Enquirer: 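Can you keep this structure in mind? I'll have questions shortly.
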Amino acid sequence: MARYLITSALPYINGVKHLGNLAGSQLPADVHARYRRLEGHEVLFICATDEHGTPAELAAAEAGQDVRAYCDEQHLIQKRVSEGFNLSFDWFGRSSNPPNHRLTQHFCEQLEKNGLIEERVTKQIYSIDDGRFLPDRYVEGTCPVCGFERARGDQCDNCQTLLDPIQLKNPRSKISGSTNLEPRDTAHLFLLQPKMQDRVRAWVDQSTDWPHLARSIAYKWLDEGLIDRSITRDLSWGVKVTKDGKPRPGFESKVFYVWFDAPIEYIASTVEWSEATGGNWERWWREDKGAKDVTYVEFMGKDNVAFHTVSFPVTIMGSGEPWKLVDRLKAFNWVTWYGGKFSTSEQRGIFMDVALDLLPSDYWRWYLMANAPETADAPFTLEHFQQTVNADLANVFGNFVNRITRFAETRFESAVPDGGEFGELEKKLEDDISAKLQALSAHHAAMEFRKAAAETRALWVLGNEYLQVAAPWTAIKTDRDRAAVGVRVGLNLCALFAIVAQPFIPDAAGKILDAIGVPNENRKWPSGAGERLLDALPRGLKLTPPDVLFKKVEDAQVGEWAARFGAGS
RNA sequence: GGUGGCGUAGCUCAGUUGGUUAGAGCGUGGGAUUCAUAACCCCAAGGUCGGUGGUUCAAUUCCACCCGCCACCA
């Protein structure tokens, strides 16, 4: 038994995420966590909402709410939606909770002790009418290079020139539109990342089992050279800046930059978990306190790779303390909506809460993992979704369960029949199943989700092929024992198929296992060797044929949804 | 613009550490079957592996350039 610490990139607090966000980190992380638990390993699966930063403040203002009240509400909404998708987090925390404040301050003070923090004064745009400094992106004005009138403070969208907000002509606040702005001196803390460059590189060098994409992104940043990075902002919503545990003089109206405190929430969310459950968080995160044998696995979208392979490790290593660093990471490309972007404002695409109103979570889980954006961006289309779930879930798997349980009901009194012996057909099936199980386990272990889904489906197909040849409905006319073998094997296959489908479609798998009466302790991942895979159920065991597991998605539904969610527009 | 990724059957994708007839699922056509959600099972058709050059006995697989799409650039 091994120990796995699994984290999913933190969803930003600002509204319910779309299917693409789900597919790129929370869902695969959940599938992997479930797989490792089924294997009998000790798993701690952690996520949280990322709640600080200007976008949260602005969204709250737009909603006419206090930012904390806004985050409270949005956190609950996201938590409920993640439960609706059966995301089996051991804890779903909040980066605004006290443990993250304490840890973020702790890390900064450690970094400062180690000579990695420097206080510097810079000029920033202050909006007198808004009563605040403006982040670069929230200053707009005329580009000094090309004259484009809606250039942002960090970059001109027209000519791509990188800008400082001070350079803009006729600058105005994007928040209020006010032009009553002036540059003012303000102090900030800078993290001296270049000092850690060699150590981070050495660490990346030895991280040979990362995916190629992750390493090349890390090397790209290292090759370009790390820079001193400002880790504080002039905002009120966030983690206060301290020195020796007390408010840091001159920083009373400042907080840490959201990108500094967000990854620390991985640890802090685990602290939240320990406070709520009595668990020992240091056993998972501190190598001096029992975390040496932990395998830490991170899931994220490709945009997050640099932060997880370079920035956060700088914080961790720079602390000089024995914190756990990532061992394996899995990065995803994007799911697109018909090749384009999901967009809340333009009503393009399906968001997590709406998806649950349309269909059970298993449909989405299956499709998104069977088509996970692993090597490239993957388009979501309703038509492909319909084809995939109807074929895989309804026709191949659901119908398999239905045909064999119905037959057992009408001809064998809804019980696992006794009688008859395995023949060549069953022996061959056993070999084929074992081989596929082995491949499936390997794909799960390697976090190859498309391949794991394809292999799961291939198992289901073996079941249908077997029934076709064994044909108990024909055998029953002349040889009841022969039919009994077919039905017994068929029912055992149902149980086995449901067990290995649990990581992808936990609800449906649970229904099947309940219907067949498989107790919880017998739902573990099959280890393969020497198991009686096809004769594990007690003979005479009564079952209740489940209702149709997966209703097909109808053309009319697809048509309606396509219009409603902006398909192809 | 810089860097990285991708471009393989109608669609979504595997694959080739360079080597006999390039694979899967879906979709399509045909057949078989009736236990089952008109499902399942079998068979078949379909590709000059983005383009152009180069290296090689041999390239879809390596190299160069080009075209197209995507991401990141703190």
Side-chain angles (χ1 to χ4, degrees), chain A residues 24 136 154-155 159-162 190-191 193 211-231 257 259-260 301-307 310-311 314 331-336 339-341 367 370-381 383-412 443 448-451 453-458 460-477 483 486-487 490 545-554:
Chain A
D136 295 355
D154 54 347
Q155 186 172 27
C159 68
Q160 308 300 314
T161 308
L162 295 176
F190 281 74
L191 177 57
Q193 298 191 112
H212 181 256
L213 178 69
R215 292 186 98 205
S216 60
I217 289 175
Y219 279 128
K220 183 202 152 214
W221 278 44
L222 291 165
D223 290 345
E224 287 178 3
L226 301 183
I227 61 164
D228 297 341
R229 178 162 160 264
S230 162
I231 59 164
Y257 181 36
W259 260 113
F260 184 71
K302 58 184 169 186
D303 57 325
N304 264 331
V305 171
F307 293 97
V310 178
S311 307
V314 164
F332 288 86
N333 292 279
W334 309 129
V335 172
T336 63
K341 285 194 166 115
Y367 177 81
N371 298 283
E374 289 179 305
T375 53
D377 292 354
F380 181 101
T381 70
E383 294 74 14
H384 190 228
F385 171 75
Q386 177 194 28
Q387 283 175 3
T388 303
V389 297
N390 285 357
D392 296 354
L393 298 181
N395 296 348
V396 175
F397 187 38
N399 182 53
F400 173 78
V401 174
N402 193 43
R403 66 195 294 207
I404 190 62
T405 54
R406 292 291 162 206
F407 189 73
E409 180 182 39
T410 53
R411 308 313 282 273
F412 288 91
H443 291 142
E448 297 260 21
F449 294 93
R450 274 177 185 258
K451 288 177 182 171
E455 210 66 46
T456 302
R457 184 201 140 92
W460 300 338
V461 168
L462 281 183
N464 280 312
E465 285 171 1
Y466 170 77
L467 280 191
Q468 206 65 25
V469 180
W473 48 89
T474 305
I476 191 85
K477 295 171 188 163
V487 171
D547 294 333
V548 166
L549 288 161
F550 300 101
K551 280 185 64 180
K552 289 190 197 184
V553 176
E554 304 294 337

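Quick note: numbers below take in every heavy atom, side chains included, and nothing from hydrogens, waters or symmetry partners. Since the structure is predicted, the reported quantities are computational estimates derived from the model, not experimental observations. Lettering of chains follows the sequences in order, A, B, ..., and the numbering in each one begins at 1.
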Enquirer: Pairs under 3.5 angstrom, nitrogen or oxygen only, protein versus nucleotides 23-26 of chain B, please.
Expert:
{"unit_1": "B/G25", "atom_1": "O3'", "unit_2": "A/Arg457", "atom_2": "NH2", "d": "2.8"}
{"unit_1": "B/C26", "atom_1": "OP1", "unit_2": "A/Arg457", "atom_2": "NH2", "d": "3.3"}
{"unit_1": "B/C26", "atom_1": "O2'", "unit_2": "A/Gln387", "atom_2": "OE1", "d": "2.8"}

Enquirer: Sequence neighbours left out, cut at 3.5 Å: what donor-acceptor pairs do the side chains of residues 395-402 of chain A make with other protein atoms?
Expert:
{"unit_1": "A/Asn395", "atom_1": "OD1", "unit_2": "A/Lys552", "atom_2": "NZ", "d": "3.1"}
{"unit_1": "A/Asn402", "atom_1": "OD1", "unit_2": "A/Arg406", "atom_2": "NE", "d": "3.2"}

Enquirer: Taking the chi torsion of B/G46, is it syn (within 90° of 0) or anti (everything else)?
Expert: syn
Enquirer: Taking B/G23 as the reference, what is the distance to B/U61 when you measure between their C1' atoms (whole Å, please)?
Expert: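 Going atom to atom, C1' in each nucleotide, I get 15 Å.
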Enquirer: Tell me what A/Gly486 touches on the nucleic acid: a base, only sugar-phosphate, or nothing, going by heavy atoms under 4.0 Å.
Expert: nothing
Enquirer: Taking B/G18 as the reference, what is the distance to B/A58 when you measure between their P atoms (whole Å, please)?
Expert: 15 Å
Enquirer: Nearest to the side chain of A/Asp303, heavy atoms from C-beta on, is which of B/U12, B/A39, B/C72?
Expert: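 Selected nucleotide: B/C72.
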Enquirer: Taking atom C1' in both B/A14 and B/U56, compute the distance separating them and give it to the nearest angstrom.
Expert: 27 Å
Enquirer: Checking only heavy atoms, does the side chain of A/Asn402 share a donor-acceptor pair with the base of B/A36 at less than 3.5 Å?
Expert: no
Enquirer: With a 3.5 angstrom cut-off on both distances, give the Watson-Crick or G-U wobble partner of B/U60, or none if there isn't one.
Expert: none
Enquirer: Name the nucleic acid region contacted by A/Leu549, choosing base, sugar-phosphate or nothing; use a 4.0 angstrom heavy-atom cut-off, strictly under.
Expert: base
Enquirer: If you only use heavy atoms from C-beta on, which nucleotide in B/A74, B/G15, B/C35 is closest to the side chain of A/Arg403?
Expert: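 Taking heavy atoms from C-beta onward, the closest nucleotide is B/C35.
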Enquirer: Check every strand shown and say whether A/Lys551 touches a base, only sugar-phosphate, or nothing at a heavy-atom separation below 4.0 Å.
Expert: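 It contacts nothing in the nucleic acid.
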Enquirer: Once you measure the plane-to-plane angle for A/Phe332 and A/Phe449, does it fall in the parallel (<30°), tilted (30-60°) or perpendicular (>60°) bin?
Expert: tilted
Enquirer: Among B/A39, B/C13, B/A36, find the nucleotide with the atom closest to the side chain of A/Arg450.
Expert: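 That would be B/C13.
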Enquirer: Base, sugar-phosphate, or nothing for A/Ala378, non-hydrogen atoms under 4.0 angstrom?
Expert: sugar-phosphate
Enquirer: Would you classify A/Trp221 as touching base, sugar-phosphate or nothing, given that sugar-phosphate means primed atoms plus P, OP1 and OP2, and contacts are heavy atoms under 4.0 Å?
Expert: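 Base, at least one base heavy atom under 4.0 Å.
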Enquirer: Mind checking the C1' distance from B/U21 to B/C62? Whole angstroms is fine.
Expert: 24 Å
Enquirer: Using the P atom as the point on both nucleotides, what is the distance between B/A22 and B/A39, in whole Å?
Expert: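 Taking atom P in both B/A39 and B/A22, they lie 33 Å apart.
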Enquirer: Does B/C11 pair with anything, Watson-Crick or G-U wobble, both distances under 3.5 Å, and if so, with which nucleotide?
Expert: B/G25
Enquirer: How many whole angstroms separate atom CZ of A/Phe380 from atom C1' of B/C13?
Expert: 17 Å
Enquirer: If you check the A/Glu465 side chain, which of B/U37, B/C13, B/C42 turns out closest?
Expert: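 Nearest nucleotide to the side chain: B/C42.
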Enquirer: For the side chain of A/Leu226, counting heavy atoms from C-beta on, which of B/A74, B/C41, B/C40 is nearest?
Expert: B/A74
Enquirer: If you look at every strand shown and take non-hydrogen atoms under 4.0 Å, does A/Val461 touch a base, only sugar-phosphate, or nothing?
Expert: sugar-phosphate
Enquirer: For A/Phe407 and B/C35, say yes or no: do the ring centres fall under 5.5 Å of each other while the ring planes differ by less than 30°?
Expert: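 A stacking contact does not exist, since A/Phe407 is not both close and nearly parallel to the base ring of B/C35.
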Enquirer: With sugar-phosphate meaning primed atoms plus P, OP1 and OP2, does A/Thr381 contact a base, only sugar-phosphate, or nothing at under 4.0 Å between heavy atoms?
Expert: nothing
Enquirer: If we take the C1' atom in both B/A59 and B/U52, what is their distance in whole Å?
Expert: 15 Å
Enquirer: Give me the distance, rounded to whole Å, that separates B/G7 from B/G51 when you measure between the P atoms they each carry.
Expert: 13 Å
